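Notes to accompany the following structure.
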Amino acid sequence: MQNGSQTCENPEVLIIGGGPAGLAAAIAAYDRGCRKILLLEREPRLGGILQQCIHTGFGLQIFKDELSGPEYAQRYIDQLEQRGIAYQCDTMVLEISEQRLVTSVNPRLGLQRFQAGSVILAMGCRERSRGALGIPGTRSAGIYSAGTAQRFVNLEGYVPGKKIVILGSGDIGLIMARRMVFSGAEVLAVVEIMPFSSGLKRNVVQCLDDFGIPLLLSHTVTEIKGRGRLSAVVVSQVDERRRPIPGTEKEFDCDTLLLSVGLIPENELSRGAGVKLSVTTSGPLVDERMQTNVPGIFACGNVLHVHDLVDHVSEEAALAGEAAADYCRQPGLGLPEEFLLLEDGYGVRGTVPQRVAKQSLQGVLRLTFRPSQVFMNAAILLEADGVALQESRRRILTPGEMASISIRGKQLATLRDKKKLTIKIIES
Amino acid sequence: MYDVVIIGAGVIGCALARELSRWRLKLAVCEKNSDVADGASKANSAIVHSGHSNAPGSNMARFNLAGNLLYEQLCQELGVPLQRNGSLNIAFTDEEVGKLQQLMRDGEANGVSGMRIVGPDELRVMEPQLNAEVKAALFAPSSAITSPYELAVAMAENAAHNGAELILNCKVLKVEKREDSWTLFCSDRKLETQVLVNAAGLYADVFNNQVSAKKIKILPRKGQYWIVDKSYAGSFKHTIFQVPGSMGKGILLTPTVDGTILLGPTAEDQEDREDTSTSRESLEHIKTVAKRSWPALPEHALIGSFAGIRAHTKENDFIIGERQDAPGFFNAAGIESPGLSAAPAIAEELCKQIVSKLGAVKNNSFNPRRNPIPAFRHMSFAEKTAAIQRNPLFGRIVCRCEQITEAEIRASIRRPVGALTVDAVKRRTRAGMGRCQGGFCLPRVVDILSQELGLSPARITKDGSLSEILAGDRPDQPAMSSQCKTARRPAKTPRF
């Protein structure tokens with residue numbers, strides 16, 4: 001059977017999405033002993049968004065090597081193929097039911113339905129659009145999300161513009177600033193509404209500072225001008241409540257505005273399956289094994305919460321893959337009855353998982369979250385039912401980088417009779 | 001020599017072209033833009049009004065009522081969505097309740113049927129999300145919603161199918177009277193016609209004033225809108241108006257046939273006829289006013305905003321018919337709301353006058369039917385399977401938010417009034433209209449357009465000339481568009 005159009009009737013584990021999360025989940029499920037696995041990918045090839053991320057910096061943690069996106073993806077694709085795990089490319093999932101009946105479509109294989117033992121959601125995320133920001137002005141050509149521009153340049157071979165302003169200092173925006181310079185374009189500025197960059201520090205240094213591209217913090221684009229093609233944007237300074245300050249307007253003549261203003265987990269399919277979502281992460285609410293509220297449906301990667309590093313995605317996805325494989329063998333283990341609830345405290349946003357089964361309070365429990373602002377020399381404090389459990393110091397915490405804290409052995413065991421664990425930041 | 005040339009392929013020009021194609025006439029529509037419905041017809045509230053808000057005795061009242069009644073058959077024949085969702089004009093105070101009664105009397109004078117005042121208890125049932133402080137509302141069951149650009153495309157396609165010619169990217173610079181014909185000097189050609197119809201929307205005064213001593217003046221009036229994501233579909237069933245003011249029907253809230261909800265429009269007079277930019281103040285104003293109707297308005301679900309420009313006149317009425325001092329020159333001018341509602345009736349009336357003037361005979365091969373592009377997302381499991389067997393490209397989703405397939409996108413380009421731009425594909429298929437606003441499908445749509453039109457991707461535009469999507473090849477990959485150097489428009493050009 002040709003690669004990319006294998007099939008598997010009634011798969012035990014069905015994975016939706018062949019990016020880094022889906023690949024790692026499939027491999028982990030296999031290594032856990034599951035042999036009936038099927039992975040569905042909507043693009044003509046595996047690898048997800050990594051295929052257009054041709055810059056390096058991937059895999060430093062997992063492979064101790066500085067890989068490009070396609071190289072990182074290929075290491076997992078190779079592992080997938082060595083194991084003979086079935087996958088279909090060019091295949092879009094249209095619907096997932098609560099009973100894990102999955103409907104997909106493919107030009108050659110047509111409309112298919114799979115009754116899966118367990119389902120792993122690994123659909124990734126999408127970029128926020130101009131519309132969602134409500135930037136006023138004209139609807140001219142030349143306004144693209146940074147990822148769309150990245151696809152044009154890296155995969156299609158076209159430059160979207162010559163004089164560029166970038167709104168938002170998320171990682172894709174920073175990477176694209178450098179990429180556009182490499183493509184012969186002039187990048188006038190990266191504009192960020194917050195008083196800090198929402199990207200990795202290393203990207204600010206390597207993509208902006210090294211190329212002399214100004215980063216305008218506490219600024220935003222307040223108007224878009226140009227008929228036909230974009231001709232200018234107006235940039236204004238904002239106050240501490242992020243409202244534009246009149247009189248601070250500066251006009252930048254440019255033909256392109258790239259938006260890197262946030263990523264949104266793509267959960268339309270999850271919703272259809274009855275999966276409950278977190279208002280903070282916009283991803284499913286999961287337990288420590290990445291299981292959603294719907295038994296047998298698991299989630300990992302950027303569909304669950306937006307990550308900073310792909311290495312973290314792969315690690316998280318492996319947990320989901322193992323859990324999904326276990327579920328098929330013993331569906332009875334599906335939904336534990338008693339949970340410890342996790343709560344975001346001061347300075348903490350989007351802790352994952354949101355609950356932990358009491359029966360699993362052993363070994364190591366790793367919690368991840370985003371700091372809500374920049375903290376210097378602060379501490380992460382865990383409180384169980386209001387009583388301090390553990391404190392861990394950090395030199396710097398920033399929203400651009402995911403923070404994590406682990407609880408081990410004996411301390412975990414003490415949580416069995418607790419109801420709620422709160423994670424908060426203590427400023428020194 | 002043409003029998004009839006229509007200036008403007010908006011909803012009026014397209015409706016009239018279709019009506020006239022019932023007759024044996026040599027007929028053309030000249031459009032300055034790269035697509036039909038590219039002006040006010042694409043950016044309005046998409047409502048087929050009941051007709052109670054027009055001054056009794058006006059052209060607006062007459063054509064709105066008649067047009068509304070024609071919509072069922074029109075949309076059925078052309079495969080265009082229409083939902084009789086009914087409208088509610090809501091009143092918060094006793095004074096406003098009084099205005100509702102006046103509105104109902106006007107409506108009755110205009111011939112609108114089925115209206116009644118509903119009280120708060122019934123309103124709660126009809127619209128649970130409506131502000132609980134609403135005291136009463138005027139319910140007009142004949143109000144409907146449609147897709148204005150889909151309708152215009154469908155009418156243009158059907159007109160083309162029946163022999164009409166559509167000339168896109170053709171700007172009429174000047175019209176001149178000959179002995180008993182008209183000459184049109186266009187950007188790239190000259191046309192002669194016996195009858196000239198002015199359906200030029202915002203530029204209708206330009207052409208009228210070139211030929212008639214009875215001058216008109218178009219006063220551009222901008223309206224801005226917000227779009228609410230279709231995850232909130234079903235929040236409102238009816239079109240909700242607040243009590244109207246002097247500048248139009250006020251900020252309304254209406255479901256669309258696509259499941260989104262529109263909030264707007266503002267009414268802002270301006271000099272510029274092309275400036276469809278939105279402004280922070282107006283977009284904030286819409287939110288504030290819309291919250292009076294819908295207190296739980298989900299601001300995070302606003303996926304986009306846009307503006308359209310109404311061709312307002314100080315007469316505040318449609319100017320319809322032959323100019324006495326310019327025989328053979330027919331106006332459809334001052335078309336603002338309820339222009340969409342009135343379009344089928346205006347077309348019928350002008351067609352009657354033109355046919356009688358020219359003594360035209362029936363086109364016996366006229367076929368009123370047009371099959372829309374089959375929409376994969378609306379098919380059953382069995383229909384989807386069959387569609388993919390017939391054409392495997394139904395199995396490839398290009399726009400994932402709206403589930404639009406490659407088959408639909410290619411069809412939208414290959415059909416008679418085929419799409420030439422990214423926005424034209426969007427209007428025909430909804431690709432790019434969903435919550436990611438084209439972030440995912442844009443590169444793919446550009447690629448498909450480039451293949452179908454035989455143009456380099458670097459020459460594909462968003463919405464006509466000067467709106468190129470790309471700035472060119474990547475410098476380290478010089479070969480790409482040079483491979484397309486022989487690029488030419490395909491044999492099937494916008495002319496047919």
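A note on names: the letters A, B, ... follow the listed sequences, proteins ahead of strands, and every chain is numbered from 1. Source: prediction; values computed, not measured.
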Given heavy-atom pairs under 4.5 angstrom as the criterion, report whether the side chain, backbone, both or neither of [X] touches chain B.
X: A:Arg128; value: neither
X: A:Leu94; value: both
X: A:Ser104; value: neither

Practice task
Decide whether a cation-pi geometry holds between B:Arg428 and B:Tyr149; the criteria are a distance under 6.0 Å from NZ or CZ to the six-membered ring centre and an angle within 45° of the ring axis.
Solution key: no
Top of [options] for chain A proximity - count of heavy-atom pairs under 4.5 angstrom:
options: B:Glu468, B:Arg400, B:Gln403, B:Lys462; value: B:Arg400
options: B:Leu466, B:Leu470, B:Thr276; value: B:Leu470
options: B:Thr405, B:Thr385, B:Leu393, B:Ile303; value: B:Ile303
options: B:Gln224, B:Gln389, B:Gln437, B:Arg435; value: B:Arg435
options: B:Ile227, B:Asp447, B:Thr461, B:Asp275; value: B:Asp275

Completion exercise
Exactly one candidate in B:Lys230, B:Lys426, B:Arg430 meets salt bridge (Lys or Arg N to Asp or Glu O under 4.0 Å) with B:Asp258; the answer is B:Arg430
Problem - 4.5 Å side-chain heavy-atom contact, A:Phe252 and A:Val234 - result: no
Practice task
Compare all side-chain heavy atoms of B:Cys401 with those of B:Cys436 and state whether any distance is below 4.5 angstrom.
Solution key: yes
Interface moiety of [X] toward chain A, non-hydrogen atoms closer than 4.5 Å:
X: B:Asp229; value: neither
X: B:Val446; value: side chain
X: B:Phe394; value: backbone
X: B:Leu302; value: backbone
X: B:Glu299; value: neither

Exercise for the section: State which residue, out of A:Val93, A:Asn302, A:Val303, fulfils the side chain to side chain contact (heavy atoms under 4.5 Å, CB included) condition with A:Met123. Expected result: A:Val303
Problem - Side-chain donor/acceptor of B:Thr266 to backbone N/O of B:Glu268, under 3.5 Å - result: no
Problem - Pair B:Phe306 and B:Tyr225, ring centroids less than 6.0 Å apart - result: yes
Practice task
I would like to know whether A:Arg179 and A:Ile54 meet side-chain contact (heavy atoms from CB on, under 4.5 Å); could you show each step before the answer?
Solution key: CA-CA 10 Å; A:Arg179 185 71 185 98; A:Ile54 62 170; 3.8 Å; yes
Exercise for the section: Verify the neighbour count for atom CZ of A:Arg242: are there more than 12 heavy atoms of other residues, nucleotides or ligands below 6.0 Å? Expected result: no
Problem - Choice from A:Glu127, A:Lys162, A:Arg151, A:Glu223 maximising heavy atom contacts with chain B below 4.5 Å - result: A:Arg151
